Structure formats: structure tokens, C-alpha cells
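Note sheet for the following structure.
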Amino acid sequence: RICVITLAEAHPLLQSGKTIKNINYQISANCSRLQNKVSGKSKRTWLFIFQMQGAQFLTELAPLCRISSSDGEEYTIYSCIRGRLIEVNENILSNPALLQEKPSTEGYIAVVLPKFEESKSITQGLLTQKEYEEVLLKRRSSAS
């Protein structure tokens, strides 16, 4: 039921050998994902969060952060899922290479907890690894 947001293996930052210059969780003048402060029962145990106060609510199109590369490109990373923002990975601020070196473990971007009643429909809509690889293959073949 917990969703860990990472860069997809097909993301340009992981494909093109770019160097990440900066990661910014400041979304607008009034919104910083770093200001997300979760409190409540069992907040330290992600799997047993019963009550949460202060967690930012995200829609599918809510930006989580912006990543700048050394060639001047900027990428906005979106939540892609409705739910409460449990945590952002502050470790990538001081070590942005984690996004590229360990994107699915230590280089995660954020943790989001969807509403319980929506979690089943969310997971049913996800692709398996094999389905995802097939989508990438089709995308690459249509681009060439």
C-alpha cells in the first residue's frame, strides 16, 4: 500500500549519461515538499500509519521536485499517484548521484501513501516489469 516514487529506468537522466546538478523540492513560492511534516500514530513505521496530520495531499499531477542536469535541462518529477506525502528523500539533496546509481533503492524521491479505498484500483492499473519492458521496446522501435 506504500508507493515509493523513483525515476523510471527509461528516464532521460538515467539513459543519457547526464550529470545531475541540483534537486529542488521547492515547488512554488508557497510550497516546499521539505516542509512536509507527518505526525501521528506510528509515523515511524510506514506500514502501520493509522493517523497522519500535516502530510501534504498530492494529486497525480502534483510536482514532487525539479531536477536540473549539468547541460541545463530541467525535469519536473510528478507524484503520478493520489495520496499523502509521507517522506521525501533528503539524502539525494547532498548526494544527487544516488538518483542515477541506485534509483530504485537509496535514490528514491519520495514515499506516498494512497487512500486505502483507492489503493487496490491503483495497483490493478500498474504494469508488470515485463509489460513495462514491452512498452519501452515499442516506444524505441517507433522512434527509430
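These figures come from a predicted structure and were not determined experimentally. Values reported hereafter were calculated over all heavy atoms of this structure, with side chains retained and with hydrogens, waters and symmetry mates removed. Sequence positions, counted from 1, serve as the residue numbers for this chain.
Nearest heavy atom pair, residue Leu136 against residue Ala10, reads CD2-CB, 3.3 Å. Across Pro96 and Ile23, no two heavy atoms sit closer than the pair CB-CD1, 3.8 Å. Of all the heavy atoms in Glu106 and Ile92, the pair that sits closest is O-CG2, 4.2 Å. Between Tyr25 and Leu64, the shortest heavy-atom contact is CD2-O, 3.3 Å. Taking both residues in full, the closest heavy atoms of Pro12 and Tyr75 are given as CB-OH, 3.7 Å, listed atom of the first, atom of the second, then distance. Taking every heavy atom of both residues into account, Val111 and Ile2 meet most closely at CG1-CG2, 3.3 Å.
Glu74 has its side chain within reach of Ser68: a pair of non-hydrogen atoms, C-beta onward, lies under 4.5 Å apart. Looking at Ile109 and Cys65, their side chains come closer than 4.5 Å, going by heavy atoms from C-beta outward. Ile81 places none of its side-chain heavy atoms less than 4.5 Å from the side chain of Leu58. Looking at Leu14 and Pro103, their side chains come closer than 4.5 Å, going by heavy atoms from C-beta outward. Contact of the Ile67 side chain with the Leu99 side chain is registered, since non-hydrogen atoms from C-beta on lie closer than 4.5 Å. Within the 4.5 Å cutoff, side-chain heavy atoms of Leu7 are placed close to those of Ile77.
Side-chain N/O atoms of Ser28 and Asn30 include no donor and acceptor closer than 3.5 Å.
Interatomic distance, SG of Cys3 versus CG of Leu113, reported as 8.0 Å (0.5 Å rounding). The distance from atom SG of Cys31 to atom CD of Gln26, rounded to the nearest 0.5 Å, is 7.5 Å. Interatomic distance, OG of Ser70 versus CG of Asn22, reported as 12.0 Å (0.5 Å rounding). Distance CZ/Arg139 to CG/Leu137: 11.5 Å, rounded to 0.5 Å. Rounded to the nearest 0.5 angstrom, Lys115 NZ and Arg82 CZ are separated by 5.0 Å. Rounding to the nearest 0.5 Å places OG1 of Thr6 at 9.5 Å from CD of Glu9.
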So Val112 and Ile86, side-chain contact (heavy atoms from CB on, under 4.5 Å) or not? Walk me through it. CA-CA 5 Å; Val112 177; Ile86 302 302; over 6 Å; no

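Under a 3.5 Å cut-off, the side chain of Arg33 and the backbone N or O of Pro63 do form a donor-acceptor pair. In terms of modelled atom types and a separation under 3.5 Å, the side chain of Glu131 and the main chain of Thr128 share a donor-acceptor contact. Within the 3.5 Å criterion, the main-chain N or O of Tyr108 finds a donor-acceptor partner in the side chain of Asn89. Counting only distance, with no hydrogens or angles, the side chain of Asn91 and the backbone of Gly107 share no donor-acceptor pair below 3.5 Å. For Arg66 (side chain) and Ile27 (main-chain N/O), a donor-acceptor pair under 3.5 Å exists by modelled atom type.
Hydrophobic cluster membership is shared by Ile20 and Leu34, with clusters built from Ile, Leu, Val, Met, Phe, Trp and Tyr side chains linked at under 4.5 angstrom.
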